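A short write-up of the structure that comes next.
Sequence lines set the chain letters: A, B, ... in the order given, protein chains first and strands last, and positions in each chain run from 1. Worth saying up front: this structure is predicted, and the values here are computed from it rather than measured.
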2 protein chains.
Amino acid sequence: MKHNTTLKKISSILDISISTVSRALKDHPDISDKTKKKVLELAETLEYEPNTYAINLRTNNSKVFTLIVPNITNFFYDSFISAIEEESRKNGYSLMILQTLDDTETELKNLKLCRLNRVSGVFACISPNTTDVSPFLKLDELDIPVIFFDKVPAYEECNKICVADTQASKLAAEAIIQKGRKKTFALFGNNNLSITKKRVAAFTATFEQHNMSNKLVIDYAMSAEEARNKTLSLLKNKKAADTIFCMSDEILTGVMKALQELHLKIPTEIAVVSISNGDIPKLYYPEITYAETSGYKLGKLAFTRMMACLSGSTFIQELTVESVLIEGGSL
Amino acid sequence: MKHNTTLKKISSILDISISTVSRALKDHPDISDKTKKKVLELAETLEYEPNTYAINLRTNNSKVFTLIVPNITNFFYDSFISAIEEESRKNGYSLMILQTLDDTETELKNLKLCRLNRVSGVFACISPNTTDVSPFLKLDELDIPVIFFDKVPAYEECNKICVADTQASKLAAEAIIQKGRKKTFALFGNNNLSITKKRVAAFTATFEQHNMSNKLVIDYAMSAEEARNKTLSLLKNKKAADTIFCMSDEILTGVMKALQELHLKIPTEIAVVSISNGDIPKLYYPEITYAETSGYKLGKLAFTRMMACLSGSTFIQELTVESVLIEGGSL
DNA sequence: ATGAAAGCGCTAACAA
DNA sequence: TTGTTAGCGCTTTCAT
């Protein structure tokens, strides 16, 4: 049995007009209490539920946000999604989720879906290999606000919500320097990503400011496995580093595997610092000290910006969530 | 500028009827090639995109699935969601995500949303404290198929897709026995959950079958932290156990923290086996041997069942994804 | 306080 | 091959 109670049905049973029923159900002041009561009661017993399809058509609005993300199975996006879902629900919106799986074609299809479904807004994290952001901007032209988060385009005229990459990197570097570590091995991810470039720049700059450049070695790894291997070969020479910095969870997991393999004591034999959402650093003992880049906080901020856009704020801006250093016992 | 090209607009510009335009756009055989071409071209230049709201109203169907989950930030659900999203997208459906955050009231609201949005189907994982599943079954009455996964109700007449709890537990126990371990400490989660009860029962039964009950100690932990503490106090006596079994990722992370803290060598000083999706076991060195309960596979299976329901299969069943033992180096 | 009627954009049965 | 028409369920303006 499908939904089959409509305003029409109620109106015909009570022998009143459809519009009266509609108004009664909305507690419109024009309608008499007696009529309201009658209508409400019948609606209750017939389990009336308004047809959202019709309402959407009529109001030209669906109260649905879409979130586009390369992959759901990622500790950082996870918490971002969780925050967005929570806020959406609390504000009467539903959340649609689409993955791109790092495929540009899928990304395009997803954007088309956003247009077809005429969603109220889109939260988007562009996939690494996307260069043309115009399909995203097209949504803006259709009055569908787009809030870019995390992996944001270089293009100026758009809403971006980012982790404070520069600051997080600086925070981690300063913590290392302050502890008086002698030799830091800093491992970063894919150097084609702007996020990597920013983090490398801030990290090295901080060491330079303290005249410590000679105590820093930079390297890159494209995967956890590569991070593990680079750590293993580096530490064949025990003196090669007394501290390892990891740009991301992915790098951290690779590095930590290597350190467990070598049975090194943290932080006495080797110290570890990372930039992270926090989930992964807390898995180890001692817990890893990290500069926090909270997906959850980022989500909350992105949502706030979305609501501002919907209430007419066309002021375009790049917002940033400040990072804080969370002390584990690894440094 | 909102979407503003409609069939009506195209029809009035070309001075033909709306239905001709509609049919031309759908490549209906009745329409002449000349007309089709005209219509297609104009639609293209005006960037016509059909109004999904109207189509939904007309067809009484929105091609949207909803997924209800206690919390997105969970390694297992993560991969389940990812699988469902992927399949949905490939099959022309969109996926709406709702969290319950283990709150029964929120769960109820979410179910109402499913009804209001008249979604095509619902994938649901009930929250631990839910006892009354009738609101879920009400969806079925509205011809909205509900596929329960992971945490499923005891109620018989519904579609359930589950991990092979019994078999996974047995697999892990057998692996331990086969390796000739002398003393196993088996740590389980919340014993109020049916999933825990099943796993405990199968685990102990397997030991009994091999007349090894005296080599097994069972305990429970409600959190990773508790698992860590129990492991720490257990291993004060080094002879207390030579093997630890962890029922879940949560337990595993707590146990592993304790083992790192004690600097125990795995598997020589202590062996570890768990039941998991796989993400967490792969973070350690050596990687943890585990009985795999794949969220991804579960998702694929759930989706298949959903499509069967939509094409009229009312045959209600409980499906199970077989578990396999993935060897790490921890046993 | 209530009703009549138009219309949101689309589909499809029926007519021509 | 094309057009006419009714209708999906609801909101809302304008009348009464």
Exercise. Between atom CD1 in B:Ile10 and atom P in D:dG3, what is the gap in whole Å?
Worked result: 14 Å
Exercise. What's the CG-P distance between A:Leu14 and C:dA1, to the nearest Å?
Worked result: 18 Å
For this session: Would you mind reading off the distance between B:Leu57 atom CG and C:dC10 atom P, rounded to a whole angstrom?
Result: 12 Å
Exercise. Hey, is the side chain of B:Thr35 poking within less than 4.0 Å of OP1 or OP2 on D:dT1, counting only N and O atoms?
Worked result: no
Exercise. So, is B:Tyr53 near the phosphate of C:dG7, with a side-chain N or O under 4.0 Å from OP1 or OP2?
Worked result: no
Problem set entry | N or O in side chain of A:Lys8 less than 4.0 angstrom from D:dG7 OP1/OP2 | no
Problem set entry | The single option from B:Val64, B:Ile144, B:Ile68, B:Val146 passing side chain to side chain contact (heavy atoms under 4.5 Å, CB included) against B:Cys114 | B:Ile68
For this session: Indicate, with a heavy-atom threshold strictly under 4.0 Å, whether A:Asn51 touches base, sugar-phosphate, or nothing.
Result: sugar-phosphate
Problem set entry | Salt-bridge contact B:Glu85-B:Lys90 (side-chain N to carboxylate O under 4.0 Å) | no
Exercise. Once the angle between the rings of A:Phe149 and A:Phe80 is folded into 0 to 90°, is it parallel (under 30°), tilted (30 to 60°) or perpendicular (over 60°)?
Worked result: parallel
For this session: Considering just the side-chain nitrogens and oxygens of A:Thr20, establish if one lies under 4.0 Å of OP1 or OP2 belonging to C:dT2.
Result: no
Exercise. For A:Asn56 and C:dC10, what is the distance between atoms CG and P respectively, to the nearest whole Å?
Worked result: 15 Å
Problem set entry | Of the listed nucleotides D:dG9, C:dG9, D:dT2, the one nearest the side chain of A:Thr6 | D:dG9
Exercise. B:Ser19 or B:Ala54: which one's nearest nucleotide on DNA chain C is closer to the 5' end?
Worked result: B:Ala54
Problem set entry | Between C1' of D:dT12 and CG of A:Asp30, the distance in whole Å | 12 Å
Problem set entry | Nearest-Å distance for atom pair CD1/P, residues B:Ile18 and D:dG7 | 16 Å
For this session: Kindly indicate, with the supporting measurements, whether the criterion ring pair (Phe, Tyr, Trp, His ring centres under 6.0 Å) is fulfilled by B:Phe123 and B:Phe148.
Result: CA-CA 6 Å; B:Phe123 298 93; B:Phe148 291 98; over 10 Å; no
Problem set entry | Protein-nucleotide distance (B:Asn60, atom CG; D:dG9, atom P), rounded to Å | 7 Å
For this session: Just compare D:dC10, C:dG3, D:dT4 and give me whichever is closest to any side-chain atom of B:Arg23.
Result: D:dT4
For this session: Measure from the side chain of B:Tyr48, starting at C-beta and using heavy atoms only, and say which of C:dC10, D:dT13, D:dC10 lies closest.
Result: C:dC10
Exercise. Taking only side-chain nitrogens and oxygens of A:Ser32, does any of them come within less than 4.0 Å of OP1 or OP2 of C:dT2?
Worked result: yes
Problem set entry | Distance in angstrom units between A:Ile55 CD1 and D:dT12 P, rounded | 10 Å
For this session: Output yes when at least one side-chain N/O atom of B:Lys9 is less than 4.0 Å from OP1 or OP2 of C:dG9, else no.
Result: no
Exercise. Is a salt bridge present between A:Asp30 and A:Arg23, judged by a nitrogen-to-oxygen distance below 4.0 Å?
Worked result: no
